[in-house]
Amino acid sequence: MRKKTIYAKEYRDLVDGLRRIRKDRGLTQAALAEALGWPQQRLSSVESGSRRLDVMEYFVLTDKLGLSPESALELILTLRPKGRGR
């Protein structure tokens, strides 16, 4: 049985990358959550790996972090497992 993507190394690396970007921009979880209109606990759950982002949440989050949609997609593509996709 395949493991859920939330437990995949690539997903963990993606979330870690998002956390690094947030910190590099000098944003606290509380400030970013407020900008997103989310409870801070939701962002904390995403960053800790206990809650998975859906695709729309991902692009809203990356937009608030100042990433273009293309940059957000590139972040995903750099982490995909080798041998998958095209």
Problem set entry | Close side-chain approach of Leu18 and Val46, heavy atoms under 4.5 Å | no

Problem set entry | Pairing residues for Ser71 by the side chain to side chain donor-acceptor pair (under 3.5 Å) criterion, not counting sequence neighbours | Ser68

Seminar exercise, completed: Closest non-hydrogen contact found for Thr78 with Leu75 is OG1-O, 2.9 Å

Exercise. Between atom CD1 of Ile21 and atom CG of Leu67, what is the distance when rounded to the nearest 0.5 Å?
Worked result: 4.5 Å

Exercise. Residues two or more places apart in sequence or in another chain: which of them pass side chain to side chain donor-acceptor pair (under 3.5 Å) with Thr28?
Worked result: none

Exercise. Among pairs that include at least one residue of residues 20-40, which meet salt bridge (Lys or Arg N to Asp or Glu O under 4.0 Å), considering only residues two or more places apart or in two chains?
Worked result: Arg22-Glu47

Exercise. What salt bridge (Lys or Arg N to Asp or Glu O under 4.0 Å) pairs are there with at least one residue in residues 54-74, not counting sequence neighbours?
Worked result: Arg51-Glu57

Exercise. For Arg42, what residues pass the side chain to side chain donor-acceptor pair (under 3.5 Å) criterion, not counting sequence neighbours?
Worked result: none

Exercise. Between Leu73 and Thr62, does a side chain to side chain contact (heavy atoms under 4.5 Å, CB included) hold up when you go through it step by step?
Worked result: CA-CA 10 Å; Leu73 186 56; Thr62 56; over 6 Å; no

Problem set entry | Atom pair OH/CD1 of Tyr58 and Ile76 - distance to nearest 0.5 Å | 4.0 Å

Exercise. Do the non-hydrogen side-chain atoms of Leu53 and Leu14 ever get within less than 4.5 Å of each other?
Worked result: no

Exercise. With no hydrogens and no angle check, is any side-chain donor or acceptor of Ser44 less than 3.5 Å from a backbone partner on Gln40?
Worked result: no

Exercise. Looking only at atom types and distance, does a side-chain atom of Tyr7 sit under 3.5 Å from a main-chain N or O of Gly49, one as donor and one as acceptor?
Worked result: no

Problem set entry | From Leu43 atom CG to Gln29 atom CD, the distance as rounded to the nearest 0.5 Å | 5.0 Å

Problem set entry | Residues which pass side chain to side chain donor-acceptor pair (under 3.5 Å) with Arg12, listed by chain and number, not counting sequence neighbours | Asp16

